[in-house]
Colleague: 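Before anything else, here's the structure in question.
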Amino acid sequence: MGAMRIGYPCINRTLGCVGARTLRLRSYSFPRLEEVMASNLDCLETMLHWNVDHGLRFFRITSDLIPLASHPEVRPPWQERIGERLSKIGRWVSEQGVRIDMHPGQYTVLNAKEDRIVSNALLDLAYHCDVLDLMGLDRSAKIQIHVGGVYGDRAASMDRFVSAAQRLPKRIRARLVVENDERGFPLADCLGLSRRIGIPVVFDAYHHSLFNRGEPLREALATAEETWGSEDGIPIVDYSSPAPGGRFGRHAETLDDRHFKRFLAQSVPHDFDLMLEIKDKELSALRAAALAGDDVRLIT
DNA sequence: AATGGTCAAGTCAGC
DNA sequence: GCTGACTTGACCATT
């Protein structure tokens, strides 16, 4: 079994640098964008080095790396300005065995009914893909999205997702992975979409615990795993636990060690990279890495 | 310097 | 039809 890489999304609070500085539309100018991009890249590099120094070899790059990059009214020519720098970072990352992924937010809806929304989603996916392509990363560097809205008709909404995904340029489809969510499309639906489109499923264990069709964790991990081809890298799994006393779907502030150990024990023998979607980010990731390193997975 | 309202964007529930 | 929640950090106008 390969070693599980553990990661966290976008932000390192220990370092305190800001890797997601942004711009308002009103304050947009290309020179300002250049300044913000450079500053975000500085922070990205700092975080990546910190991660490697601390044994964390999985990281989600923020969608805000290049502010307004995919805004249809702005479309700044950012690629030529930072392409070389991204490629340098990407080369280093690859040498270090670090895996990267990205996760467009809730506003990127591939299965929307309105054409305008879909075409904006396409622009946004192209932006994410540009970042990973310019970094020179192989196709195990994924872009994960949710299916989108249900619009009162699950089947039709899944059909729209399929046809939009099938129209994507090859380079984007090669990076696209679909993730089960906690209210619209559970794992079973994502597996169906995966079969139709030929893209892997990112299994989100927390969402699955909140919304499922009765599949036990082991079975869920196994079926999601089958959707990953050899070029896709080992599967990506997202993990969190409920915030005590929080509303439905809220993510924990910090790692629940016992919950996590139970998860690890149940995940044997599946091999995957694990993204910890927990609010205190790198602190929980470090603790999780320590727990995972202690052969917790062998003590079932 | 500190504060608090606002922000590119979409969906859904509740009125 | 409209508003606020979602979730959340950072911007930026105001003090």
Side-chain angles (χ1 to χ4, degrees), chain A residues 8-44 47 60-76 78 102-128 143-154 156-158 160-161 164 178-186 189 204 206-207 210-211 238 240-243 245-254 275-282 284:
Chain A
Y8 61 96
C10 309
I11 293 170
N12 180 307
R13 298 179 195 286
T14 303
L15 285 167
C17 68
V18 179
R21 285 184 54 197
T22 184
L23 286 172
R24 297 283 174 261
L25 270 179
R26 296 169 48 175
S27 60
Y28 171 83
S29 72
F30 194 65
R32 279 196 76 169
L33 178 66
E34 287 187 291
E35 185 195 316
V36 171
M37 286 194 295
S39 156
N40 285 346
L41 283 172
D42 289 344
C43 183
L44 175 64
M47 292 191 287
R60 180 178 298 162
I61 294 182
T62 175
S63 296
D64 289 330
L65 185 70
I66 318 296
L68 303 174
S70 64
H71 191 287
E73 310 290 314
V74 183
R75 312 282 310 271
W78 60 275
M102 295 186 84
H103 191 346
Q106 59 187 317
Y107 301 115
T108 303
V109 184
L110 205 49
N111 78 341
K113 289 170 131 169
E114 246 184 276
D115 287 344
R116 180 187 55 83
I117 296 169
V118 177
S119 65
N120 288 349
L122 299 180
L123 285 178
D124 199 45
L125 289 176
Y127 151 64
H128 285 82
I143 301 169
Q144 71 187 76
I145 60 169
H146 294 291
V147 183
V150 177
Y151 310 96
D153 186 341
R154 170 177 310 277
S157 297
M158 288 171 68
R160 279 196 311 279
F161 185 87
V178 62
E179 176 190 349
N180 58 303
D181 66 64
E182 78 282 35
R183 49 195 343 124
F185 298 95
D189 289 346
D204 186 310
Y206 180 43
H207 291 159
L210 297 169
F211 186 36
D238 286 356
S240 187
S241 60
R247 299 179 98 85
F248 176 88
R250 197 162 181 86
H251 292 234
E253 291 294 327
T254 193
M275 181 59 65
L276 290 188
E277 296 188 324
I278 296 183
K279 306 250 165 155
D280 69 0
K281 309 277 180 185
E282 77 285 354
S284 284

Colleague: What is the distance, rounded to the nearest whole Å, between atom CD of A/E182 and atom P of C/dC6?
Modeller: 12 Å
Colleague: Could you give the distance separating C/dG1 and B/dA8 at their P atoms, to the nearest angstrom?
Modeller: 27 Å
Colleague: Which parts of nucleotides 10-15 of chain C does protein reach within less than 4.0 Å, heavy atoms only, written one letter per nucleotide 5' to 3' as B for base, S for sugar-phosphate only and - for none?
Modeller: BBS---
Colleague: Under the salt bridge (charged side-chain N to carboxylate O under 4.0 Å, His left out) rule, collect the residues that match up with A/R116, sequence neighbours excluded.
Modeller: A/E114
Colleague: Would you mind classifying the nucleic acid contact of A/D64 as base, sugar-phosphate or nothing, using non-hydrogen atoms under 4.0 angstrom?
Modeller: base
Colleague: Under the disulfide bond (SG atoms under 2.5 Å apart) test, which residues partner A/C10, sequence neighbours left out?
Modeller: none
Colleague: Heavy atoms under 4.0 Å, any strand shown: does A/R247 hit a base, just sugar-phosphate, or nothing?
Modeller: sugar-phosphate
Colleague: What's the gap between B/dT6 and C/dT3 when it is taken at their P atoms, as a whole Å value?
Modeller: 14 Å
Colleague: Is it true that the side chains of A/T254 and A/D280 contain a donor and an acceptor less than 3.5 Å apart?
Modeller: yes
Colleague: Give a yes or no answer on whether the side chain of A/Y28 reaches the backbone of A/L68 with a donor-acceptor pair at less than 3.5 Å.
Modeller: no
Colleague: Who are the salt bridge (charged side-chain N to carboxylate O under 4.0 Å, His left out) partners of A/R160, not counting sequence neighbours?
Modeller: none
Colleague: What's the gap between C/dA10 and B/dT11 when it is taken at their P atoms, as a whole Å value?
Modeller: 26 Å
Colleague: Mind checking whether A/H103 and A/H146 have parallel, tilted or perpendicular rings, split at 30° and 60°?
Modeller: tilted
Colleague: Under 4.0 Å from a heavy atom of chain A: give me the 5'-most and 3'-most nucleotides of DNA chain B that qualify.
Modeller: B/dT6 to B/dC12
Colleague: Round to a whole Å and report the spacing from CZ of A/R60 to C1' of C/dT7.
Modeller: 14 Å
Colleague: Locate the shortest heavy-atom distance separating A/F211 from A/D181; write the atom from each residue and the value.
Modeller: CD2-O, 3.6 Å
Colleague: Are the side chain of A/N180 and the backbone N or O of A/D204 linked by a donor-acceptor pair below 3.5 Å?
Modeller: yes
Colleague: Take atom C1' in C/dC6 and the same atom in B/dT3, then report the distance between them in whole Å.
Modeller: 24 Å
Colleague: Donor-acceptor pair, A/S241 side chain versus A/A252 backbone, under 3.5 Å?
Modeller: no
Colleague: Taking atom P of C/dT7 as reference, at what distance in whole Å does atom CD1 of A/I278 sit?
Modeller: 15 Å
Colleague: Heavy atoms under 4.0 Å, any strand shown: does A/V74 hit a base, just sugar-phosphate, or nothing?
Modeller: nothing
Colleague: With a 3.5 Å distance limit and no angle check, can you tell me whether A/R154 reaches the backbone of A/G184 through a side-chain donor-acceptor pair?
Modeller: yes
Colleague: For DNA chain C, just give me the dot-bracket, please: Watson-Crick or G-U, both distances below 3.5 Å, ( ) intra-strand, [ ] crossing earlier pairs, | paired with another strand, . unpaired.
Modeller: ||||||..|||||||
Colleague: Are there more than 12 heavy atoms of other residues, nucleotides or ligands under 6.0 Å from atom CZ of A/R183?
Modeller: no
